[in-house]
Amino acid sequence: MPGIVTVLSDFGTSDGFVAAMKGVVLSIAPDAKIVDATHDIAPGDVEAAAFVLSQYWQLYPAGAVHLAVVDPGVGSGRRALAVEADGRYLAAPDNGLLTRVLADSDAWCAFEITEPRYTRPDPSSTFHGRDIFAPAAAHLAAGVDPSALGPAVKEPVTLPIEPPSRDETTLQGRVAHIDRFGNLISDLPGDWVEGDWRFEVRGREVGALRRTYADVATGELVTVIGSLGTVEVAVRDGSAAKRIGAARGDPVIGRLIPG
Amino acid sequence: MPGIVTVLSDFGTSDGFVAAMKGVVLSIAPDAKIVDATHDIAPGDVEAAAFVLSQYWQLYPAGAVHLAVVDPGVGSGRRALAVEADGRYLAAPDNGLLTRVLADSDAWCAFEITEPRYTRPDPSSTFHGRDIFAPAAAHLAAGVDPSALGPAVKEPVTLPIEPPSRDETTLQGRVAHIDRFGNLISDLPGDWVEGDWRFEVRGREVGALRRTYADVATGELVTVIGSLGTVEVAVRDGSAAKRIGAARGDPVIGRLIPG
Amino acid sequence: MPGIVTVLSDFGTSDGFVAAMKGVVLSIAPDAKIVDATHDIAPGDVEAAAFVLSQYWQLYPAGAVHLAVVDPGVGSGRRALAVEADGRYLAAPDNGLLTRVLADSDAWCAFEITEPRYTRPDPSSTFHGRDIFAPAAAHLAAGVDPSALGPAVKEPVTLPIEPPSRDETTLQGRVAHIDRFGNLISDLPGDWVEGDWRFEVRGREVGALRRTYADVATGELVTVIGSLGTVEVAVRDGSAAKRIGAARGDPVIGRLIPG
C-alpha cells in the first residue's frame with residue numbers, strides 16, 4: 001500500500017507553494033498518495049489549524065502521514081517536529097499546531113527534525129514547508145522511523161486551550177471553531193448534556209438541543225450535537241456566526257432547566 | 001486499476017470536513033484514487049451541484065465512483081442513495097443532486113443506503129458525508145455492488161428543471177448555470193441553432209453566434225456554443241453575469257432572422 | 001511508477017471544469033497520479049501562471065507532466081504546445097505561459113499538438129483544457145513521446161519579461177509576483193546582494209536584508225531572500241502589497257551603502 005501524505009497549510013491555492021511541497025514529497029517518495037486536506041487556513045492561524053487537523057487525523061489508516069504547515073515563525077528558533085501518534089505520523093512546526101493531536105492521542109512520541117539527510121540541502125529561511133517538512137513527511141511515508149530524524153522532544157509547544165467546565169446546573173465552554181457555514185463549534189462534550197439544557201452564546205439564548213439542522217425552519221437558530229460530538233450552534237441555511245456576531249473563544253453556556 | 005473516487009461538496013476547504021471524508025474513504029479502500037472535483041459549491045445549492053456534476057461524471061472511466069455531498073437536509077428523513085448509471089457509481093443524498101445524472105444516463109438503478117455494515121457505526125445526524133456517503137463510496141470503489149447497500153429506489157427526488165422549448169422562429173431557454181468567469185451557460189442545445197439566430201438574455205440583446213470568445217474584442221459580449229454543447233453568453237476577459245445582471249433561471253431567447 | 005500529472009488552471013473550483021479535465025486524463029491514463037497545483041490563477045492572468053509554474057515544475061521527478069491551462073485565447077489561432085524540458089513534460093497553450101519554464105531549463109523542445117488521435121474527437125472551441133491539453137497530458141504521462149503529438153515549434157510565444165540589471169552601487173528589478181500573503185517577490189537574485197544594500201519599492205524604503213520574517217516585530221516591513229532565491233519584501237503577519245500599495249511590475253531598487 002502506498003504511503004498516504006495529507007497536506008494542510010495556510011498557503012492558499014493561488015501560488016505555487018503547495019505544488020512545490022507536493023513535488024518535493026513525490027520526488028522523494030514517488031509512490032506516495034497525496035491528499036489535500038486544506039490550504040485555506042487563515043494566514044498564520046495556528047489555533048484554527050490545530051482544530052482542523054483534529055477533525056481528520058485519526059480517520060486515516062495507520063501509517064498515514066499528516067504534513068501540516070502553518071508557520072508564522074519560519075526561520076526563527078522554533079523547532080521542526082516529526083511525531084508518531086496512535087500509529088499515524090505528523091510533520092509540523094513546533095508552534096502548537098499539534099496541540100489537539102497530542103491531547104487526543106493515547107500514545108505519542110516527538111522528535112526534532114535535525115538530520116540533514118532527511119531535509120533538502122541548504123534549506124531556505126522562509127519556506128520550511130518545502131525544504132524541511134515536505135521531505136521529512138516523504139521519508140516518513142517511505143518508512144523511515146521518526147526517531148531517525150533527530151533527537152526526542154519531550155515537551156512540544158502547546159496552545160493554552162482552556163478546557164470546558166461544569167457543575168450540576170451549569171456548563172461553561174467556548175466557541176472552539178467557526179466553520180465555513182458559520183456554525184459555532186463549541187468544546188462542550190455531547191455526553192455532558194443529558195437532561196433539559198438550554199444554551200447561550202455571548203449571552204444570547206440559542207435554545208435547547210435538537211437532533212439536526214433540519215429540525216428548525218430555514219433561518220432559525222438551532223443547537224445540536226455536531227459531527228465532532230460537541231455542542232454546536234447553527235442557523236439553518238445561514239450563518240450563526242453572523243447572526244450572533246460570535247468569534248472563536250466566545251463563551252458557550254449551558255443551563256439545566258429543573259425537571 | 002485502483003478505484004477512482006471523485007469528491008464534490010459544499011464544505012469549502014477551510015475546515016477539516018473534506019479531509020475527514022477522504023480519510024474515511026481511504027481507511028476502507030486504501031487503494032482508492034481520490035480526485036477532488038469541487039468543494040466550493042455555494043452552501044446548500046443543490047441545483048448548482050447537480051449542474052456541476054453533470055459537467056464531468058461521464059468523463060471518468062467505467063467503475064469510477066462519484067461522491068457528491070450537498071446536503072442541507074442532513075439528518076432529516078431524506079434518503080441516502082447509491083446509484084449505478086452508465087457504468088459509473090454515485091453516492092449522494094436523495095435531494096435532487098442527481099437530477100441531471102439520471103436524466104443524462106442511458107440506464108441507471110438506485111438504492112437506498114441502509115445497510116449498517118457499509119456505513120460508519122453510530123452515524124452523526126449532522127455529517128452524513130463522513131458517516132454514510134464516504135463509506136458507501138469507498139465500498140463501491142472496493143467492488144461492492146450498489147444493490148448490497150439497501151433496497152431499490154424507484155423514484156429518486158428530482159429538481160423541477162424546465163426543459164427549453166422552441167418553435168420555428170423562437171427558442172426559449174434559461175440560464176442553467178453561471179460559471180466562475182461569469183459566463184451564462186444556457187440550456188439551449190447547440191444543434192437547435194442552425195441558421196441566423198439572435199439571442200437575448202433578460203431582454204438584453206447579446207447578438208448572433210460566434211465561434212469562440214476571442215472572436216470579439218476584450219470587454220465585448222459574445223455568444224457561443226459552450227463546452228457543454230449549449231448556447232453560452234460571455235464577455236471576453238470579463239463577466240457576462242455582471243454586465244447583464246443575470247441570475248440562474250433568467251430567460252435566454254433565440255429569434256430567427258428571416259434569411 | 002505511475003505517471004504524475006499536475007494541473008494548473010484559472011478555472012477556479014466552483015464549477016466542473018477542473019473535474020472534467022481530470023476525468024479526461026484518467027480515462028486515457030487510468031494509472032496517472034493527478035496532483036492539483038492551483039486552479040486559482042486570476043482569470044486570464046498568463047503572467048501569474050508563468051510565475052507560479054516556475055515555483056514548482058522542476059521539483060517534480062523526471063517524467064512528470066505539468067498540465068497548465070490559462071487560455072484567454074482559446075479557440076483562436078494560438079497554438080497548443082507539448083514541451084519536454086529538463087526531463088519533465090508540459091502541455092499548455094502557446095501564449096507565454098511557459099516563458100519561465102523555457103528560460104529556466106537547460107534543454108527543451110516544443111511541439112504543436114495537432115495529431116487528432118491524441119486529442120478528444122471534435123474539440124470544442126471554448127474548452128481546450130478538456131479537449132486538447134488534458135488528453136495530450138495523459139498521453140505524455142502514458143509514455144507517448146511529445147514529438148508524436150505534432151510538428152516541432154522553434155519559437156514558442158514568450159512574455160516580454162524585462163531582466164533585472166545592476167551596476168556597482170545600484171540594483172534595478174521589479175515585483176515579479178505578489179503571493180497570497182501579500183509578499184512582494186522581486187526578480188533581484190539573492191546572490192547579487194552581498195554587502196550592505198538597502199532596498200526600496202515604489203520609492204518607499206524597505207530597509208536592509210534580514211534573514212527571515214520573524215526577525216522583525218509583527219506588523220513591520222522586512223526584506224529577505226525569499227524561497228525562490230530572490231529579494232522579497234514582506235510585512236510580518238501582514239501584507240506588504242497593501243502596506244506599500246504595490247502591484248506586479250513595480251520597481252524594486254537596491255542601493256549599496258558605502259562601507
Side-chain angles (χ1 to χ4, degrees), chain A residues 1-4 6-8 10 12-13 33-42 45 48-64 66 68 88 177-183 185 190 210-215 218 222 224-229 232 234 236-239, chain B residues 2-5 7 9-46 69-78 93 95 120 122-132 134-135 138:
Chain A
M1 186 180 72
I4 294 167
T6 77
V7 195
L8 170 151
D10 64 348
T13 49
K33 185 193 291 266
I34 290 182
V35 178
D36 288 295
T38 168
H39 305 293
D40 293 331
I41 300 294
D45 191 342
F51 188 89
V52 167
L53 182 58
S54 77
Q55 289 183 287
Y56 67 83
W57 76 278
Q58 287 174 309
L59 293 173
Y60 284 77
H66 300 298
R88 285 85 180 174
H177 184 70
I178 298 179
D179 71 19
R180 187 241 182 148
F181 301 94
N183 298 336
I185 304 176
R210 315 298 287 263
R211 212 177 55 81
T212 193
Y213 309 128
D215 286 339
T218 293
V222 56
V224 300
I225 303 299
S227 60
L228 297 172
E232 179 180 323
R236 184 176 179 190
D237 303 332
S239 166
Chain B
I4 294 168
V5 178
V7 195
S9 77
D10 63 349
F11 292 142
T13 50
S14 53
D15 301 296
F17 301 119
V18 169
M21 286 200 296
K22 297 194 274 196
V24 169
V25 169
L26 290 170
S27 68
I28 293 168
D31 288 331
K33 186 192 292 264
I34 290 181
V35 178
D36 288 294
T38 168
H39 305 294
D40 292 332
I41 301 294
D45 191 342
V46 175
V69 186
V70 175
D71 194 15
V74 61
S76 67
R78 72 99 190 87
N95 61 8
R120 294 187 82 214
D122 299 318
S124 69
S125 53
T126 59
F127 192 8
H128 287 186
R130 178 192 64 191
D131 298 338
I132 292 179

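By convention in this document, chain letters (A, B, ...) are assigned in the order of the sequence lines, proteins followed by strands, and residues within each chain are numbered from 1.
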Is any side-chain heavy atom of B/D10 less than 4.5 Å from a side-chain heavy atom of A/F181?
-> yes
Proximity breakdown for A/L8 and chain B, heavy-atom pairs closer than 4.5 Å = neither
For chain B, the option from A/L228, A/V35, A/V52, A/I225 that forms the most heavy-atom pairs under 4.5 Å = A/V52
Could you tell me which portion of A/N183 (side chain, backbone, both or neither) has an atom closer than 4.5 angstrom to a non-hydrogen atom of chain B?
-> neither
Look only at the side chain of A/K33 and the backbone of B/I34, and say whether a donor-acceptor pair between them is shorter than 3.5 Å.
-> no
Sub-3.5 Å donor-acceptor pair from the side chain of B/T13 to the main-chain atoms of A/D40, do we have one?
-> no
Honestly, the part of A/I178 sitting under 4.5 Å from a heavy atom of chain B is backbone
With no hydrogens and no angle check, is any side-chain donor or acceptor of A/T212 less than 3.5 Å from a backbone partner on B/V74?
-> yes
Note, B/K22 side chain near A/Y60 side chain (heavy atom, < 4.5 Å) | yes
Could you tell me which non-hydrogen atom of A/A214 sits nearest to which non-hydrogen atom of B/S76, and how far apart they are?
-> CB-CB, 3.8 Å
Are the side chain of A/Y213 and the backbone N or O of B/G75 linked by a donor-acceptor pair below 3.5 Å?
-> no
Among A/H177, A/R180, A/Q55, the one residue meeting side-chain hydrogen bond (donor to acceptor under 3.5 Å, both in side chains) with B/D15 = A/H177
Between B/D131 and chain A, which part of the residue has a heavy atom less than 4.5 Å away: side chain, backbone, both or neither?
-> neither
Residue among A/T6, A/V224, A/D36 with most heavy-atom pairs under 4.5 Å to chain B = A/D36
For B/S14 against A/I41, the heavy-atom pair lying closest together = O-CD1, 4.1 Å
Who wins among B/P43, B/P72, B/S124, B/G73 for the most heavy-atom pairs under 4.5 Å with chain A?
-> B/P43
Atom group of A/D179 that falls short of 4.5 Å from chain B, counting heavy atoms | both
Let me know if B/R130 has heavy atoms under 4.5 Å from chain A in its side chain, its backbone, both or neither.
-> side chain
